[in-house]
Number of protein chains: 2
Amino acid sequence: MTPVPVSRRPAPDVARWCDEFEATCRARGVRVTPQRLAVYRALAEDLSHPTAEAVWARLRPRMPSLSPATVYRILESLDREGLVRRVSVTDGAGRFDANRGPHQHLVCRVCGRVRDVRDPTLTRVGLGRDAVRGFTVEELDIRIVGRCGRCRK
Amino acid sequence: MTPVPVSRRPAPDVARWCDEFEATCRARGVRVTPQRLAVYRALAEDLSHPTAEAVWARLRPRMPSLSPATVYRILESLDREGLVRRVSVTDGAGRFDANRGPHQHLVCRVCGRVRDVRDPTLTRVGLGRDAVRGFTVEELDIRIVGRCGRCRK
DNA sequence: TCCTAGATGCGAGAGATTACCATCTGGAAC
DNA sequence: GTTCCAGATGGTAATCTCTCGCATCTAGGA
């Protein structure tokens, strides 16, 4: 029935992540609202690294009163709190990822699809001290740009 | 964000890069216009990874008729042609880099400054075949996010 | 049940780019 | 040197992606 198959994270994982998410919020004294839970769940279910607008569009049928501004605000604050990650795709709208484990992103420069990968070589990468003198490293963001199978001619 | 001070690339390097740039354009049959040369030169001189708007502002005194739209178009096409690189900084305006050699970017999450670094460990990084099955890798973009010396409290 | 800091909804507005189109021009052909 | 035209530019409107201000609402502690 669905023309474009949505890649979904396995339901048990989603359920566990949502439980952990709610627990973390409560532990940190962050208010748990239906909107926050819904946004987090939608992102956890979706493997396509959706934009804020896409998350909103997906939730709209179920939460008609949900405001796009609220989705932007929620994703921004979750990123700041380290509960989701903003993915750098350079152009167009910002995209988000509920996967906080160590991984890299394959970005297709033709269709814009983003896929998680875990390359042990890259995951193991350390930083030489000299390269970052005077700089406090907080995050290493690795983007692998190219063409996905569908877009290779 | 505080304004980014302009750090300049050594003049001999800039001159050589500009010559190579023009030669490459001619070799590829890409039309060489005063605007293209000026935009490329401004970017080559500037180590601060300026935005399209910053490039335009810098050229305006010398080329009062230069349109911002033209600067955006030129930078976009140079990026597409592989003659400059668009730097991923995730938020705000897109930033550009004339340095096409292998290097990574230190991005300060407080002031937004971007600095080139060359970490041998990262430069040497290879990709496991399994991680990118069906994906043609064209570029490895590594962003090191944290706080620069000035913004560390 | 009450209270309030913080969250939400909505509409206006800002910033960065992109589209459109009339005009101009680099450089190949003569 | 002159002609010619595909492609580049300038100016402006439109778009896309958020962000802000503010009135209202609500989660969750007292």
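Below, chains carry the letters A, B, ... as their sequence lines are ordered, and counting in each starts from 1.
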Separation of atom [atom1] in [X] from atom [atom2] in [N], rounded to whole Å:
X       : N      : atom1 : atom2 : value
B/Arg60 : D/dT9  : CZ    : P     : 18 Å
B/Met63 : D/dG10 : CE    : P     : 7 Å
B/Trp56 : D/dT9  : CH2   : P     : 16 Å

One thing to verify: whether B/Arg28 and B/Glu81 come together as a salt bridge, which I'm taking to mean a side-chain N less than 4.0 angstrom from a carboxylate O.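 Here B/Glu81 does not pair with B/Arg28 in a salt bridge, since their nearest N and O are not under 4.0 Å apart.
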NZ/NE/NH1/NH2 to OD/OE distance under 4.0 Å, A/Arg85 and A/Asp97: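 Salt bridge absent between A/Arg85 and A/Asp97.
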Is there a donor-acceptor contact under 3.5 Å linking the side chains of [X] and [Y]?
X        : Y        : answer
A/Ser48  : A/Arg115 : no
B/Arg73  : B/Ser67  : no
A/Arg152 : B/Thr136 : yes

Near-strand residues of residues 18-28 of chain A, defined as heavy-atom separation under 4.0 angstrom from DNA chain C: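 Contacting residues: none.
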Of residues 31-42 of chain A, the positions that come close to DNA chain C - non-hydrogen atoms, cut-off under 4.0 Å: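 Within residues 31-42 of chain A, the residues near DNA chain C are A/Arg31, A/Thr33, A/Gln35, A/Arg36.
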Mutual orientation of the aromatic rings belonging to B/His105 and B/His49 [parallel < 30°, tilted 30-60°, perpendicular > 60°]: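 Ring orientation of B/His105 relative to B/His49: perpendicular.
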Which parts of residues 65-81 of chain B get close to DNA chain D, meaning a heavy atom less than 4.0 angstrom away?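 B/Ser65, B/Leu66, B/Ser67, B/Ala69, B/Thr70, B/Arg73, B/Ile74, in order of number.
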Can you check whether B/Asp141 reaches A/Ile142 side chain to side chain, under 4.5 Å on heavy atoms?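 B/Asp141 vs A/Ile142: side chains apart.
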What verdict does the salt bridge (Lys or Arg N to Asp or Glu O under 4.0 Å) test give for B/Arg8 and B/Asp46, after you've listed the backbone C-alpha separation in whole Å, the side-chain angles of each residue and the deciding distance to 0.1 Å? CA-CA 5 Å; B/Arg8 282 179 166 256; B/Asp46 193 334; over 6 Å; no
Heavy atoms only: give me the nearest B/Trp56-B/Leu66 pair and the separation to one decimal.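 Answer, listing the atom of B/Trp56 first, then B/Leu66: NE1-O, 2.9 Å.
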Do any N or O atoms from the side chain of A/Arg31 and from the backbone of A/Cys25 form a donor-acceptor pair under 3.5 angstrom?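 Between the backbone of A/Cys25 and the side chain of A/Arg31 there is no qualifying donor-acceptor contact (under 3.5 Å).
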